[in-house]
A.B. asks: 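Submitted below is the structure of interest, expressed as structure tokens.
Just so we're clear, the structure is a prediction, and the values are computed from it rather than from any experiment. Lettering follows sequence order; numbering is per chain, from 1.
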2 protein chains.
Amino acid sequence: MKPIYIDIIGDLKKSNIRPSIQRIAILKYLKINQSHPTADQIYTHLQQQVPTISKSTIYNTLDLFAESGLIRTLSLEGNEMRYDIITEPHGHFICDQCRTIFNFSLTLDSIKSDELKDFKIIDKTIYYKGICAKCLLV
Amino acid sequence: MKPIYIDIIGDLKKSNIRPSIQRIAILKYLKINQSHPTADQIYTHLQQQVPTISKSTIYNTLDLFAESGLIRTLSLEGNEMRYDIITEPHGHFICDQCRTIFNFSLTLDSIKSDELKDFKIIDKTIYYKGICAKCLLV
DNA sequence: TTTCATTTTAGTAATCGTTACAAATACAAA
DNA sequence: TTTGTATTTGTAACGATTACTAAAATGAAA
Ligand SMILES: [Mn+2]
Ligand SMILES: [Mn+2]
Ligand SMILES: [Zn+2]
Ligand SMILES: [Zn+2]
């Protein structure tokens, strides 16, 4: 179990983002619960700590973080956007039963296609769907 | 240029789907314009041929086709779902400028991860974002 | 052909995630 | 303090999709 060292305010300042109560709470939540949450999940959880927080602030802040490269956005299903604190390239596995989103490492270079040789690739998204190990046991 | 042989009614019957005017029109559109259209794009185009067609029918039919495996749904961007007549596994490249969605072939086996060895993988999605060759020239 | 049950379609309202906007609040420099 | 700017909040609006119901089409039986 790798410990997570957290310097929320430092990270925000490094990205030239003023560390407001709300921004600290949202980034902290993302760092501690590395669970690809939706905006609504973040909102619901933070209402206990910051009762006045609004949905607008959640969206504004997540957009700001994404633009600054602090987080990544995931559009894995049709409906809700998900937010990932891990910005290094990695794949995702979504369990059709428990809906959990797992990370998995991958060597992106292995997926090559000479059909795209004249294309400028900026970003790669890889995700699988299926049944996770835990759900397979039931 | 590989010719496209089309037997819309036959394909529908093979999937046990009754070939109504609307269903034929939608499947025909998808087969001829292999362009990953949105539901709205299909709707707009078909209004000329089948003026009474409704959005509900577009959605119902696309859902039916997807469940029957006649088409695949793509959720590449946050907002609109896209529909793909090509059901064989392949990757997608979305140009950030012209928004065109390109297909590219890939050998999915190359993306392996032993972290998922106990997971049942049902479906894989791979897509890239960037700038296409044409837009790079401008 | 008529009848009748079933399937399919159309139209509209409702839902849900997200965005836009304007007013209120917090912050920081002068 | 005063003043300007950044941030937050709350609400309205938006857009894609879904839910629902009535109407129309279909197809089999009588
Ligand atoms: Mn992740
Ligand atoms: Mn495709
Ligand atoms: Zn599971
Ligand atoms: Zn392009």
A.B. asks: Any side-chain N or O of B:R18 below 4.0 angstrom from OP1/OP2 of D:dT26?
C.D. replies: no
A.B. asks: Considering residues, nucleotides and ligands other than B:K28, do more than 12 of their heavy atoms fall under 6.0 Å from its NZ?
C.D. replies: no
A.B. asks: More 5' along DNA chain D: B:I21 or B:T38, using each one's nearest nucleotide?
C.D. replies: B:T38
A.B. asks: Check side chain to side chain donor-acceptor pair (under 3.5 Å) between A:S54 and all other residues, then give those that pass, not counting sequence neighbours.
C.D. replies: A:T57
A.B. asks: In this structure, how many angstroms lie between the P atom of D:dA13 and the CG atom of B:N79, rounded?
C.D. replies: 22 Å
A.B. asks: Which of parallel (below 30°), tilted (30 to 60°) and perpendicular (above 60°) describes A:H92 and A:H36?
C.D. replies: perpendicular
A.B. asks: Quickly work out the B:D63 CG to D:dA19 C1' distance and round it to whole Å.
C.D. replies: 12 Å
A.B. asks: Got a sec: does the CG of A:L136 have more than 12 other heavy atoms crowding it under 6.0 Å?
C.D. replies: yes
A.B. asks: Can you find a side-chain donor-acceptor pair between B:H45 and B:N33 that sits under 3.5 Å?
C.D. replies: no
A.B. asks: Look at all strands and tell whether A:T57 reaches a base, only sugar-phosphate, or nothing, counting heavy atoms closer than 4.0 Å.
C.D. replies: base
A.B. asks: With the threshold set at under 4.0 Å for non-hydrogen atoms, list the residues of residues 93-101 of chain A touching DNA chain C in residue-number order.
C.D. replies: none
A.B. asks: Specify the separation, in whole Å, of atom CD1 of B:I17 and atom P of D:dT26.
C.D. replies: 17 Å
A.B. asks: Whole angstroms only, please: what is the CZ-C1' distance between A:F65 and D:dT8?
C.D. replies: 14 Å
A.B. asks: Whole angstroms only, please: what is the CD-C1' distance between B:E80 and D:dC14?
C.D. replies: 13 Å
A.B. asks: Which nucleotide span of DNA chain C, 5' end to 3' end, has atoms closer than 4.0 Å to non-hydrogen atoms of chain B?
C.D. replies: C:dT7 to C:dT12
A.B. asks: In chain order, what residues pass the side chain to side chain donor-acceptor pair (under 3.5 Å) check against A:K13, with sequence neighbours excluded?
C.D. replies: none
A.B. asks: Nearest-Å distance, CG (B:N60) to C1' (D:dA22)?
C.D. replies: 15 Å
A.B. asks: In residues 49-56 of chain B, which residues come under 4.0 Å of DNA chain C by heavy atom?
C.D. replies: B:T52, B:I53, B:S54, B:S56
A.B. asks: Separation of B:K13 atom NZ from D:dT26 atom P, in whole Å?
C.D. replies: 14 Å
A.B. asks: Side chains of A:I42 and A:L30, heavy atoms from C-beta outward: is any pair under 4.5 Å?
C.D. replies: yes
A.B. asks: Who passes side chain to side chain donor-acceptor pair (under 3.5 Å) against B:R72, sequence neighbours left out?
C.D. replies: B:D123
A.B. asks: Expressed as a whole number of angstroms, how long is the span from B:Y43:OH to D:dG15:P?
C.D. replies: 15 Å
A.B. asks: Tell me if the aromatic rings of A:F119 and B:F102 count as close, with their centers under 6.0 Å from one another.
C.D. replies: yes
A.B. asks: May I ask you to decide if the ring planes of A:Y127 and B:Y127 are parallel, tilted or perpendicular, using 30° and 60° as cut-offs?
C.D. replies: perpendicular
A.B. asks: Test B:D11 against B:K31 for side-chain contact (heavy atoms from CB on, under 4.5 Å), laying out the working first.
C.D. replies: CA-CA 11 Å; B:D11 288 345; B:K31 289 220 181 198; 2.3 Å; yes
